[in-house]
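Just so it is clear, the values below take in all heavy atoms, side chains as well, and ignore hydrogens, waters and symmetry mates.
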Amino acid sequence: MTPEQGETPFASVQRPRPLPVLVLADVSGSMTEHGKIQSLNLAIASMVRALARERSPRGEINIGVITFGGRGVALHQRPAPASSATWADMEAVGGPDGTPMGDAFETARQVLDDEEMIPARAYDVTLVLISDGRPTSEWRPQLDRLLSSERGARSLRLAVAIGPETGSAAYRVLESFVGDPLYPVVRAEEADRIPEIFKYLTQSMSIRVNSARPDDASVFDPGELADLSD
């Protein structure tokens, strides 16, 4: 049977649309304290395993991770379907430059603009920033470029503060990243709260990818996010 007779050619069969999640993870030297980096690794590994089990005709959750700490930034996990991702633990790094969050924002913008990593047909991206301190270098221009980019402007942005007090300089940077007063920064005083927070993120992404409208980010309820904070 030819395609003209009603058979769908293999070339026209596409995978479900990607629903990208991009985590910006602080791996500065202070993340070695109190088991923070270990908890974060466990939380992300658990998220990857859980989302790999999702099977939805509407979407396929893709996960990527950008790390920042010490003197640099790295694309630790290139965005890929959770079902085929292999997680490798992150390592905290020290250095005089500490927390180059601005460079992480710039790397995130580049990832979002790269259609080989985030295809044009993908749903809107969810960006998750997690940090235990404030940037130690310039960050505002890089954040502005990220938020003014086509995909960055449409993204849902969530942030997790490990330790910084509400209203502190570090906390206000995370609020600037979120950029929406409806969505609070989730504050975790202790590292052992990180898995609980990522469990919520995982469950919410699962609901979203199976919904009739995966681009609808209202599954992330501001009240539930506030309840996650210490």
Applying side chain to side chain contact (heavy atoms under 4.5 Å, CB included) to L201 and V128, what does each step give before you reach the verdict?
CA-CA 9 Å; L201 296 176; V128 181; 4.0 Å; yes

Is any side-chain heavy atom of R121 closer than 4.5 Å to one of E115?
no

For the backbone of T99 and the side chain of T136, can you confirm whether one donor and one acceptor N or O come within less than 3.5 Å of each other?
yes

What is the minimum heavy-atom distance between P195 and A191, and which atoms define it?
CD-O, 3.7 Å

Between V23 and I66, does the side chain to side chain contact (heavy atoms under 4.5 Å, CB included) criterion hold? Intermediate values first, please.
CA-CA 6 Å; V23 178; I66 294 169; over 6 Å; no

Any donor and acceptor pair, going by atom type alone, linking the side chain of S155 with main-chain N or O of R157 inside 3.5 Å?
no

Does some side-chain heavy atom of L127 sit less than 4.5 Å from a side-chain heavy atom of L158?
no

Rounded to the nearest 0.5 Å, how far does CG of L40 lie from CD1 of I194?
5.5 Å

Hey, is the main chain of V209 close enough, under 3.5 Å, to the side chain of S56 for a donor-acceptor pair?
yes

Exercise: identify the closest heavy-atom pair between A92 and S28:
CB-O, 3.6 Å

Does any non-hydrogen side-chain atom of L143 lie less than 4.5 Å from one of R140?
yes

Which pair of non-hydrogen atoms, one from Q77 and one from A85, has the smallest distance, and what is that distance?
NE2-CB, 4.3 Å

State which residues pass ring-ring contact (aromatic ring centres under 6.0 Å, His included) with F105; sequence neighbours excluded, sorted by chain then number.
F177

Side-chain donor/acceptor of T32 to backbone N/O of G29, under 3.5 Å
yes

For L174 against M101, the heavy-atom pair lying closest together
CD2-CE, 4.4 Å

Within-4.5 Å side-chain heavy-atom neighbours: L19 and R208:
yes

Do V93 and M31 have side chains that approach each other closer than 4.5 Å (heavy atoms only, starting at C-beta)?
no

Of the non-hydrogen atoms in V65 and A25, which two are nearest, and what is the gap between them?
CG1-CB, 4.4 Å

Evaluate L129 against F68 for side chain to side chain contact (heavy atoms under 4.5 Å, CB included), listing each step before the verdict.
CA-CA 11 Å; L129 172 63; F68 59 97; 3.8 Å; yes

Could you grab the distance from atom CZ of R55 to atom CD of E60, nearest 0.5 Å is fine?
8.0 Å

Report yes or no: do E224 and Y200 form a side-chain donor-acceptor pair below 3.5 Å?
yes

Determine whether a donor-acceptor pair (N or O, by modelled atom type, separation under 3.5 Å) exists between the side chain of S229 and the backbone of R187.
yes

Under-4.0 Å salt bridge between E190 and K36
no

Does the side chain of S211 come under 3.5 Å of the side chain of R213 through a donor N or O and an acceptor N or O?
no

With a 3.5 Å distance limit and no angle check, can you tell me whether S46 reaches the backbone of L42 through a side-chain donor-acceptor pair?
no

Please check if the side chain of T202 supplies one atom and the backbone of F198 the other of a donor-acceptor pair under 3.5 Å.
yes

Would you confirm whether N41, through its side chain, and M90, through its main-chain N or O, come within 3.5 Å as a donor-acceptor pair?
yes

Please check if the side chain of S176 supplies one atom and the backbone of R172 the other of a donor-acceptor pair under 3.5 Å.
yes

Residues which pass side-chain contact (heavy atoms from CB on, under 4.5 Å) with P184, listed by chain and number, not counting sequence neighbours:
P222, L225, A226

pair S206-L51: side-chain heavy atoms closer than 4.5 Å:
yes

Verify, without hydrogens or angle tests, whether R134 (side chain) and A169 (backbone) share a donor-acceptor contact under 3.5 angstrom.
no

Side chain to side chain, L156 and D124, heavy atoms closer than 4.5 Å:
no

For E196 and L228 the tightest heavy-atom approach is OE2-CD2, 4.0 Å

One should read off an interatomic distance between D26 CG and I162 CD1, to the nearest 0.5 angstrom, of 7.5 Å

